[in-house]
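In what follows, residues are counted from 1 in the order of the sequence shown. The model shown is predicted, which means the values in this text are computed figures rather than measured ones.
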Amino acid sequence: MQPAVPSSYASDGSVTGVLEQDNFQLKQAVEQLRNALVAKDQELTSVSTSFNEIKDQLAQIGDVIKARDTEIEGLRSTIESTMVESKNKDNVLFRTKAKLDVLTESATRSKQESLAFQKKCEELQKEKTQLESSVQASKHEIEELQSKQTTALKSSQGETEKLDATLKNAQGELESLRIEKSKLDERITKQTTEIEKLEKANASLTETIANSENEKARKLEEQSKLASASTRIVTGRDNIIKIFNELLKTAMHSVMLVLPTMKDLKEFDLLKLKPSVKIMITTRIDMKNQHDLDTYQALTSLETHNIDFRSFDNEDRFGINVDRGVVFIGVNSKSEPFGLLSYDTQAIDLFVKQFLIETWTLGRSLSVKK
């Protein structure tokens with residue numbers, strides 16, 4: 001956004017531009033000199049630190065030299081005393097002389113290092129003096145530039161205030177745009193979140209519908225396989241058991257099962273039914289028979305399935321009703337069991353009431369300690 005220039009200042013545009021350019025150049029020069037001054041101050045601090053460290057090292061070396069000079073003097077005295085006392089101690093004298101030579105050589109090297117450190121210290125002192133002079137010159141130059149900058153700032157203060165006002169207006173407009181953008185971003189985020197939730201819910205619903213349709217299709221397919229006619233006769237115990245197992249596969253909600261004895265239950269795997277299916281069983285239960293008792297307790301103690309029993313002692317019939325739909329009633333004949341499978345609604349109502357529910361009503365409930 002270009003700030004509007006008042007007509008009263010149009011004629012002074014060139015003067016203002018020159019002042020702003022001079023002011024900018026002065027600011028740059030001051031900043032450069034400040035940076036150079038900071039760098040030189042840091043360098044001077046580093047040199048001072050090195051100089052102090054070298055002084056400390058020289059002092060330590062001087063102490064070592066003094067100690068070694070003292071030790072050398074002591075060794076010399078020892079040698080002289082030893083030579084006067086006994087000329088037979090040549091070996092001791094030889095070792096003492098060797099040690100004296102080593103100490104002398106070490107002292108010489110220490111003196112050389114001390115001279116080198118002194119020379120380096122002198123060089124650093126000269127460099128420090130030069131840096132101090134350079135820093136003083138830079139400070140003087142900065143003071144002159146600051147004086148010029150103050151003069152230039154006073155001359156352009158009016159224009160600067162106008163530019164600041166224009167800048168504040170532009171910043172206010174920019175802040176308003178930022179607030180509007182933030183609100184818009186928040187709305188977009190919320191809408192995106194809602195869309196994601198709806199997409200997940202839609203996917204879950206689609207999956208549920210598909211599973212339901214598949215289950216219905218499976219059930220219809222199973223029933224269509226069983227129902228070649230609305231009603232048909234089934235003979236033979238094996239065929240009856242087969243029909244019962246096929247019907248159990250289609251169970252969705254409830255099953256009522258009538259069997260002659262508890263031994264007949266071994267033909268069915270009731271645990272394959274869904275836990276939501278309620279299972280009602282009437283059959284002869286001999287509580288003195290350990291097999292009957294174990295089977296009863298095992299099935300009624302399951303927490304995952306809802307299975308209930310009634311004891312019906314006649315042992316005269318087979319029957320099954322699945323989801324209040326297809327029904328089978330049969331006679332447990334000694335020669336050959338037989339029965340009737342029906343999909344007819346009137347037959348289902350009659351057979352369930354007169355043939356199946358009768359066994360539940362006449363049967364007795366059991367209470368066995370588990």
Taking only Lys NZ, Arg NE, NH1 and NH2, and the carboxylate oxygens of Asp or Glu, determine whether R109 and E105 approach each other closer than 4.0 Å. yes
Test of understanding: clusters of I, L, V, M, F, W, Y form through side-chain heavy atoms closer than 4.5 Å, transitively. Do L259 and M256 belong to the same one? no
Out of curiosity, L356 CG to I348 CD1, how far, rounded to the nearest 0.5 Å? 11.0 Å
For the CZ atom of F351 and the CG atom of L340, what is their distance to the nearest 0.5 Å? 5.0 Å
Is the shortest heavy-atom distance from the side chain of I320 to the side chain of L248 under 4.5 Å? yes
So, are K126 and E123 salt-bridged, with charged N and O less than 4.0 Å apart? no
Could you state the interatomic distance from CE (M262) to OG1 (T295), rounded to the nearest 0.5 Å? 4.5 Å
State which residues pass side-chain contact (heavy atoms from CB on, under 4.5 Å) with L362; sequence neighbours excluded, sorted by chain then number. F312, E358
Kindly write out the residues that satisfy salt bridge (charged side-chain N to carboxylate O under 4.0 Å, His left out) with K66, not counting sequence neighbours, or none if the list is empty. none
Would a hydrophobic clustering, with Ile, Leu, Val, Met, Phe, Trp and Tyr connected at side-chain separations under 4.5 Å, put V255 with L271? yes
Counting neighbours of CD on Q346 that are heavy atoms of other residues, nucleotides or ligands and sit closer than 6.0 Å, is the number greater than 12? no
Count I, L, V, M, F, W, Y as connected when their side-chain heavy atoms are under 4.5 Å apart, and connections chain through other members. Are V234 and V331 then in the same cluster? no
Using the side chain to side chain contact (heavy atoms under 4.5 Å, CB included) definition, which of the options V258, T282, T283, I281 pairs with R310? T282
